[in-house]
Every structure is written in structure tokens, then in C-alpha cells.
Amino acid sequence: MEQQIKQGISEALKALYSHELSADDIALQPTRKDFEGTYTFVTFPLARVSRKNPEETGNEIGQYLVENTSVVSGFNTVKGFLNLSISEGSQVQQFAQMFDGANVSESPAFSIPSTGKTVVVEYSSPNTNKPLHLGHLRNNFLGNSVARILEAAGNDVKKVQIINDRGIHICKSMLAWLKFGEGETPETSGLKGDHLVGKYYVEFDKAYKAEIAQLVEDGMEKEQAEKEAPILLEAQEMLRKWEEKDPEIYALWEKMNGWVYNGFNATYERMGVDFDKLYYESDTYLIGRDRVLEGLEKGVFFKKEDGSVWVDLTDEGLDEKLLLRKDGTSVYMTQDIGTALMRFDDFPGLSQLIYTVGNEQEYHFKVLFLILKKLGYEWADACYHLSYGMVDLPTGKMKSREGTVVDADDLIQEMVDTAKARTEELGKIDGFSAEEAAELYEKLGLGAVKYYLMKVDPRKRMLFNPEESIEFQGNTGPFIQYTYARISAILRKASQLGVSIENIDFDQVSEVHQTEKDLIFAIGQYKEKLQLAAETYSPAIIAQFVYDLAKEYNRFYTEISIFNEDDAVLMQFRIALSALTAETIKVGMRLLGIEVPNRM
RNA sequence: GGCCCCGUAGUUCAAUGGAUAGAAUAGAAGUUUCCUAAACUUUAGAUCUAGGUUCGAUUCCUAGCGGGGCUACCA
């Protein structure tokens, strides 16, 4: 449809002004609601070519389109805006093509050809010393959704994460557990493993602070005390022992990480995210270290007098950056080099590696990609940092030290509980079994959080307002889910009444309301929006699209009756329109990782 | 100090350089003998400031003001 109009405009320009402009270079925009028309073509830039004012130019092109195409039935020009009306027949035709029989899940409205490309999306990538929090939720939902979007856009997508299972952070938890834990386990404490380990991370911090305070009281400078507190030195010693694979330390490390993984897996499962391959820092850091040493030999890096290894990026306008500590242990950057290498080995022909990581690490990734380039890896250009904004609370930044961190498990539970309370208040689920009800609450609660976190442009910092996030009205996940449930009720009734939508004679559709035209237009936008979302790695575009569609349907729903319609074909048409709308909502929500219920 | 990002209704978010800047929420007023009112309709309300580029600027450029991030032998 759009293509036909663009083609028509291209021909018009040639016929009227001998101006060559290919259809692909012509931009159409949806006509604003307060004007008559469906598509709008802006003619200001063409004034030069036509040597007439924009309005006259628009009129001439409009006239040409009405006379020479079958789709454009009328037009009006306001200043330089040529608003094109589409004939009812071709709009119904457009719908018929998208609908293509009753098997809506196979609708051509959703099919996109394969690109033949393989893309790896990394997301989540937590440290193993504490449970997941709100920031991880944004990360996970975003990364998972981007993976789904890229897949729907025709790519072969692999979801991965790098688990930061080694380092000083986990040593801190381990040490505190040894000192204060008295052998506590998830079983004996009844705590989820990740929460238990997180508890000892906090214990470490308490003890560390107490020691600093003591040292300062004894007359030491604060800065020095922070570096020399005995418990910190002990943790550093533990890390060194770990790198030497000290059996006792290693066993403890495996035990505590195991607890954390059990905890994480439970959370991931509830969140509905998963991974095709896991990478562990404990495996990749050595590879990274080897490559750094290799780079040192080749002269890409340099060694300082104390034995530490650095890269000089001053020519690139950046600083010098540490790659190996003087004691030979690895830093974050070291293992990231190794991880990147492993991935390009594991997925030959990989055309893109996407890192879903917060924007606080932009500098880190800039440096990483530069280093990979310096080491001579051409594929460094295929690396992309999907940088998203932090999640703030109304009280400000989340700070673990101040206890303002919103725990992921708690938040999800709270949302599900809220969904339960709201649903019970409304009393609409008579006849649900206990399991069905519980399933519904999960869908609604998770739908609400996911939608709330993903409707915002990922690049931007966002505010998490707890009160607003549990709203189920307006621009929310449950609003869209509700729309789906409403349509499901329509479709159930249609099948009860024995109304078939398998063989509709679309030529007999005698009237099409404005809301129906708007709905057809909205559904027709799916591919374009998907493409755009894939190009910009933005689930927010899908969220906006689905919301607009749901809103449009609700208008249609209140304005036009389906089952009171006397004209059998019109009734069928409206049911079919409802069915394809429902499917589009479902497909769109699936891209966001949100499930839709048949009843609510 | 240097580098990067962001300033849009009371609030939270939209707007490939295009029309009278859209939504949601909070506010005001309505809609249910009729397919789910978690809905719909109406109403009021905003582009940080000053320049510049352009037929046209929320969007691009410059300066200022305000907010955030990075600039670790943390990850």
C-alpha cells in the first residue's frame, strides 16, 4: 500500500516535472488526526523542482495520483502538506492481504525474510556476590527483548551472558561467611542462595567500615585506612590464593557460587528470560591475560617499572589504561578481552556482538573496542555497546550502602500480589481454578513491570516510581493485556455463535468506519516498527506501537457493535479485524517478553 | 579540570528537520437495560535561556544555566 503510493509519487514527479526520485527515497508520514487523509507527503522541498508554490505542487501531485493509481481516492493540500485519502476498497483489500485466511498466527503481516546473519546479544551478566536488583531487571528485560526483536527481524540470535564469578567482590562474601557465617547454608537459613551470599557481602562491608573507623581513631589518615584495613588485605590475599587455585579457597568459591546460581536461576525463570550460552569470567580471564602478554611482546602494550601492564590510548584522545596489576592478577578489562575472543571463536561469521550494559561503562567499552582493534582483530568493528540509562528512584540513585536498592525478587512478588488484589477487587475471574488464577497474576504482575521498564527509550535514564509502576490503568502492560482479553471474549462468542471467518468475501464489505481504517493502518505498521526497533535496539518502539494499537481497538470496541450487526459480511469483517488485532498485540507483546491472557 | 548524556504539561514519558508539540497520570465534566468500565468521550495544561543555520527547529550548530555519568592496580 505504502509502496504503491510512493511509486505513484515517483511517477508523478517524473511526469509532471521530469524529476527523478526513486520510490525508496520518498518519505510518507501518517496524516495527523485532525486532517482528512491517511498518508501525508510533504511538498516543501519540491518547490524548487516544480517551480510552483508547495500548495500548487501538492495539488498537482494529488491530482495525478487520483487519476493514475487505484489506491488514492482523494486528497487535500494544506500549505505544503499533501494529505492522501485511500479508497475504502483498497483499505479492505490491504486488510484482506494481511489477514490471509483464518490462521492469523501465520499472517503475512508478521513475516520477515531471514537476513542470514548471526547476532549475539549479551545481557544480565551479574556479579555473583549479591542478588539481582531493579537495575538488573531493566538490563534483563531490555536485552531479552532486543534479542527477540532481532530474531523477529530475521537474524539468528544467540543470547549469552558473562558471569562475573571471580574477583575481589566474591572474595569479600566468602571471607565474611568464613568469619561470621557459622556454617550457614541456604537450607539451614531458608534464604535463597543469592540472598544469603549477598548478606555476607553486607557483613563484610560492615566489618570493613568498623575497622576503618578504628584505624582513623588510632590516628591513621582515612585514605590510608581504606587501603590497609586488615579485612580488606585478607580479601585481597584470598583473591591471590584463588588465582593460584588454592584447593580450600577454590572449594569454598565453588560452593558459594553454586548457591548464587541456584538463586539466579529461580529469578530468571520467573522473569521469563534465558540464555543459549553462559561464559564465566573464571574461564575467560586467563585467555585475556595470554592475549595481553602477547600484545606486550608485540609492543602493542607496555610495562611499567612496577611490573603492571598498560595500554597507551593518548593518541586516541584517551588515557593510559591498566590491563594487568603489578602482582599479575587480572582486571575487568583483561577478562573482557578474553570473553570477546571466545565468542568470535564460538560463533564463526558473527556479524554483531551486542553488549547490554549500563551507560556508566561507556568509557570502558570504548577502550575495550579500541584495544581489540589494536590487537589486530578486524571484528572489533562488529562489537556494539547497547548502553542504557540508569534507573533512579524518587529518592534519588539506588545505593546499596544506603539500603535503597530495590530487590528484584521482592519487586516481582509485590507486583504479582498487587495483580491478585486488583483482580479480586474487580471480581472478574469467576470459574478460574486456583492454578489459572495464579498464572494470571504472574502474567499481569510481570507484564506490568516489564512494560513499565521497557516503554521508555532505553538510552535514557528513567525514574522508577513504585506507586506508578503498580498502576494497571493507562499506558501500562495490563491495559494492553486487558485489550487482548476483551478480544478473546469476542472470538469465543463468535465461535459459540458459529460465525466463521475462514472464507470472507471481502468484496462485499459495504462500509468501513474511521476507527476500522485506523486499526488497519495501525496493524499495517507492524513490520516498519519492528524494523525500526531492530535498527535502534529499542523495545520502547514496540511498546509504543502495541499501546497505540490497543488504544485504537478500545475505541473501535466502544463505537462499533459486532454482534448486533445485521449484515453478515460486516460482522465477519469486524471479527476478522478483531482477530488480527489480537494476534498483532500478542506478537508485539511477545517481543517484549510479555504474555497475554485470554481472560482477566 | 577534561570527556559523554539529558533539560518538553503539576508529574512520568512521546514526537525520521514538517501542520495546531502527542500520550498517560493527577484535576474538571460525562458514558453501562448493548460483545469485559482494568474501558471510552470531552475539557484545561508544556518545548530551560540567548544567539545561529533553514521555506520550516523540540530536533542541527554555538554559548550560558540546571541535572546525571565517566575520568580506580573496583567490577
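Below, each value reflects all heavy atoms present in this structure, side chains not excepted, and no hydrogens, waters or symmetry copies. All chains are named by letter (A, B, ...) in the order of the sequence lines, taking the proteins before the strands, and each is independently numbered beginning at 1. Keep in mind it's a predicted model, so treat the numbers as computed, not measured.
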Is the aromatic ring centre of A:Phe479 closer than 5.5 Å to the centre of the six-membered base ring of B:rA38, with the two planes inclined by less than 30°?
no

Look at A:Arg555 and B:rU41 and indicate whether a side-chain polar atom (N or O) is within less than 4.0 Å of OP1 or OP2.
yes

Mind listing the closest non-hydrogen atom pair of A:Ser124 and A:Asn139 along with its distance?
N-OD1, 2.7 Å

Across all strands shown, which nucleotide pairs with B:rA39 by Watson-Crick or G-U wobble geometry, both distances under 3.5 Å?
B:rU31

Touch class at under 4.0 angstrom, heavy-atom based, for A:Pro54 against every strand present:
nothing

Once hydrogens and angles are ignored, does a donor-acceptor distance under 3.5 Å link the base of B:rA38 to the side chain of A:Thr476?
no

Give a yes/no answer on whether the side chain of A:Lys460 brings an N or O atom under 4.0 Å of OP1 or OP2 in B:rG7.
yes

Atom CG of A:Asp25 and atom C1' of B:rU16 are separated, to the nearest Å, by 14 Å

Integer angstrom distance from the C1' of B:rU11 to that of B:rA46:
12 Å

Winner on side-chain proximity to A:Gln361, out of B:rA38, B:rA75, B:rG18, is B:rA75

For A:Phe81 and B:rG18, is the gap between ring centres under 5.5 Å while the planes differ by less than 30°?
no

Which part of the nucleic acid does A:Val456 contact within heavy-atom distance under 4.0 Å: base, sugar-phosphate only, or nothing?
sugar-phosphate

B:rA37 base / A:Asn554 side chain donor-acceptor hit below 3.5 Å:
no

Given that A:Asp34 and A:Phe563 both sit by RNA chain B, which one's nearest nucleotide is further toward the 5' end?
A:Asp34

Is the positively charged end of A:Arg599 above the ring of A:Phe432, judged by distance under 6.0 angstrom from the centroid and angle within 45° of the axis?
no

Would a line drawn from the ring center of A:Phe365 to the ring center of A:Tyr355 be shorter than 6.0 Å?
yes

To the side chain of A:Tyr557, which of B:rA37, B:rU16, B:rA24 is closest?
B:rA37

Looking across every strand, which nucleic acid part, if any, lies under 4.0 Å from A:Ile560 by heavy atom: base, sugar-phosphate, or nothing?
base

Please give the nucleotide sitting opposite B:rU58 as a Watson-Crick or G-U wobble pair, both distances under 3.5 Å, or none.
none

Give one of base, sugar-phosphate or nothing for A:Asp430, where a contact means two heavy atoms less than 4.0 Å apart.
nothing

Nucleotide forming a Watson-Crick or wobble pair with B:rA15, both distances under 3.5 Å
none

Can you tell me if A:Lys79 touches the phosphate of B:rU20, counting only side-chain N or O atoms and a distance under 4.0 Å to OP1 or OP2?
yes

For B:rA75 and A:Arg325 - does any side-chain N or O of the residue sit under 4.0 Å from the phosphate oxygens OP1/OP2?
yes

Write down the partner of B:rC70 under the Watson-Crick or G-U wobble criteria, each distance required to be under 3.5 Å.
B:rG2

Is the NZ or CZ atom of A:Arg166 positioned over A:Tyr285's six-membered ring, under 6.0 angstrom from the centre and within 45° of the axis?
yes

First encountered from the 5' end of RNA chain B, between A:Lys397 and A:Lys493
A:Lys493

Measuring from the side chain of A:Tyr363 (C-beta onward, heavy atoms only), which nucleotide among B:rU71, B:rC40, B:rC34 has the closest atom?
B:rU71

Which of residues 480-492 of chain A have a heavy atom under 4.0 Å from RNA chain B?
A:Tyr482, A:Ala485, A:Arg486, A:Ala489, A:Ile490

So which of A:Arg459, A:Arg461, A:Lys455 actually passes salt bridge (Lys or Arg N to Asp or Glu O under 4.0 Å) with A:Asp457?
A:Arg459

So, for A:Ile542 and A:Leu530, which heavy atoms are closest and what is the spacing to 0.1 Å?
CD1-CA, 4.0 Å

Any A:Arg32 side-chain N or O less than 4.0 Å from OP1/OP2 of B:rA19:
yes

N/O (side chain, A:Lys551) to phosphate O (OP1/OP2, B:rA24) under 4.0 Å:
yes

Could you identify the nucleotide paired to B:rA46, looking across every strand shown and requiring Watson-Crick or G-U wobble geometry with both distances under 3.5 Å?
none

Looking at residues at least two apart in the chain, or sitting in another chain, which of them share a salt bridge (Lys or Arg N to Asp or Glu O under 4.0 Å) with A:Lys304?
A:Glu320

For the ring pair A:Phe472 and A:Tyr482, is the centre-to-centre distance below 6.0 Å?
no

Can you see whether A:Tyr484 has A:Lys586 sitting over its ring - NZ or CZ less than 6.0 Å from the centre and within 45° of the normal?
no

If the P atom of B:rA21 is compared with that of B:rG68, how far apart are they to the nearest Å?
32 Å

